[in-house]
Amino acid sequence: MTTGCSISADYLAVTELAGDEVSREQISRLCHRYYWAGDYCRGRDVAEVACGTGQGLGYLAALAKSLRAGDRSAAILEIARRHYGDRVLLEEFDAQKMPYADQSFDVVMIFEAIYYLSSFEQFLRECRRVLRPGGRLLIATANKDLFDFSPSPLSIRYYGVVELDETLARHKFSAEFFGDTPIDAVSWKQRVLRPVKKLAVASGLMPTSMAGKKLLKRLVFGELVEMPAEIAQGLVPYQPPVRLVAGQPDRRHKVILCAAARLDETNA
């Protein structure tokens with residue numbers, strides 16, 4: 001899932017592409033964020049920005065009143081276009097400058113991509129512009145407040161619950177937060193290796209190449225499976241995410257989900 005101040009083929013190496021070998025946990029996290037978003041999108045006009053290869057677009061299209069999506073990487077977007085054809089309108093654009101009319105959506109989504117934005121604040125200004133009053137901005141992002149957190153090599157800035165809450169409030173959004181993929185529910189091997197991972201991150205020894213990442217995944221997660229081009233309801237078991245306290249860092253979940261309502265001028 002890609003966006004940012006410049007585009008390079010390097011984003012192919014940090015995007016979950018259809019057909020890649022990934023862990024079952026990656027597929028579970030992918031499905032969970034779209035299952036969670038589905039309730040907000042049902043019967044509404046929806047846009048997903050930085051959509052990557054669009055594994056969740058078919059699922060959303062079946063729920064939403066209308067759906068548009070896009071990504072700034074032409075190479076990655078082409079993968080989605082080959083799969084969906086004319087089922088979903090896909091456009092190449094920067095999430096910080098959307099090609100949409102004012103107040104044209106009920107929901108704007110950005111999943112696992114805000115840390116690639118050169119200006120999160122500019123993105124929020126665009127969201128306020130294209131969302132209707134009371135519309136929702138849905139965010140899914142890796143939790144930077146875990147002690148063994150490993151940033152993407154192309155990331156610019158990560159936001160945890162505290163930073164998201166403060167930044168969204170400045171731009172007149174009222175945010176709710178949820179945690180997904182609890183640390184205490186992962187495999188014993190992952191729990192045992194967390195201190196090793198923290199040391200590798202601090203020492204700059206985490207692999208950045210696709211081959212290195214794949215080897216690490218096999219060591220930690222075991223057998224890898226193919227990333228689907230499109231998810232469906234029931235592909236993985238689902239439990240709704242846990243509500244988190246705004247303004248407090250979360251250290252128990254791998255993924256932070258945020259539903260932020262656009263306030264109008266009278267209640268901002």
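The basis for the numbers below is simple: all heavy atoms, side chains too, and nothing from hydrogens, waters or symmetry mates. Because the structure is a prediction, the values reported are computed rather than measured.
Shortest non-hydrogen contact noted between Gln96 and Ser118 is OE1-OG, 3.0 Å. Heavy-atom minimum distance, Pro99 versus Glu91: CG-OE1, 4.1 Å.
Partners of Phe123 according to the ring-ring contact (aromatic ring centres under 6.0 Å, His included) rule, which considers only residues two or more places apart in sequence or in another chain, do not exist here. Applying the side-chain hydrogen bond (donor to acceptor under 3.5 Å, both in side chains) rule to Ser66 yields the partners Asp45; only residues at least two apart in sequence or on another chain are considered. With sequence neighbours excluded, no residue forms a ring-ring contact (aromatic ring centres under 6.0 Å, His included) with His171. Shown here are the side-chain contact (heavy atoms from CB on, under 4.5 Å) partners of Asp145, two or more places apart in sequence or in another chain: Asn143, Pro249, Arg251. Under the ring-ring contact (aromatic ring centres under 6.0 Å, His included) criterion, Tyr84 pairs with no residue, sequence neighbours left out. For Glu163, the side-chain hydrogen bond (donor to acceptor under 3.5 Å, both in side chains) partners are Lys144, not counting sequence neighbours. Scored by the salt bridge (Lys or Arg N to Asp or Glu O under 4.0 Å) test, Glu166 finds no partners at all (sequence neighbours excluded). Applying the salt bridge (Lys or Arg N to Asp or Glu O under 4.0 Å) criterion to Glu226, with sequence neighbours excluded, gives no partner residue. Checked against side-chain contact (heavy atoms from CB on, under 4.5 Å), Leu90 has the following partners two or more places apart in sequence or in another chain: Cys51, Leu57, Ala69, Leu77, Ala80, Arg81, Val88. Scored by the salt bridge (Lys or Arg N to Asp or Glu O under 4.0 Å) test, Arg87 finds Glu230 as partners (sequence neighbours excluded). Not counting sequence neighbours, the partners of Tyr59 by the side-chain hydrogen bond (donor to acceptor under 3.5 Å, both in side chains) test are Gln233.
In this structure, Ile110 is a member of the same hydrophobic cluster as Phe93, with clusters built from ILVMFWY side-chain heavy atoms closer than 4.5 Å.
Under the 4.0 Å criterion applied to side-chain N and carboxylate O atoms, Arg68 and Glu48 are not assigned as salt-bridge partners. Between Glu176 and Arg243, at least one side-chain N (NZ, or NE/NH1/NH2) sits under 4.0 Å from a carboxylate O, which counts as a salt bridge.
Between the side chains of Gln26 and Arg29, no donor-acceptor pair is found at a separation under 3.5 Å. Side-chain contact check for Thr141 and Glu112: no donor-acceptor pair (N or O, by modelled atom type) lies under 3.5 Å.
For residues 237-262, the ring pair (Phe, Tyr, Trp, His ring centres under 6.0 Å) pairs, not counting sequence neighbours, are His32-Tyr238, Tyr35-Tyr238.
Ring geometry for Trp36 versus Phe111: interplanar angle of 30 to 60°, hence tilted.
When ring centroids are compared, Phe120 and Tyr159 come within the 6.0 Å threshold.
Between Asp106 and the options Arg132, Lys65, Arg44, a salt bridge (charged side-chain N to carboxylate O under 4.0 Å, His left out) holds for only Arg132.
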Pair Ile256-Phe177, side chain to side chain contact (heavy atoms under 4.5 Å, CB included): steps then yes or no: CA-CA 7 Å; Ile256 300 299; Phe177 296 92; 4.2 Å; yes

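Between the OG atom of Ser73 and the CD1 atom of Ile79 there is a distance of 8.0 Å, given to the nearest 0.5 Å.
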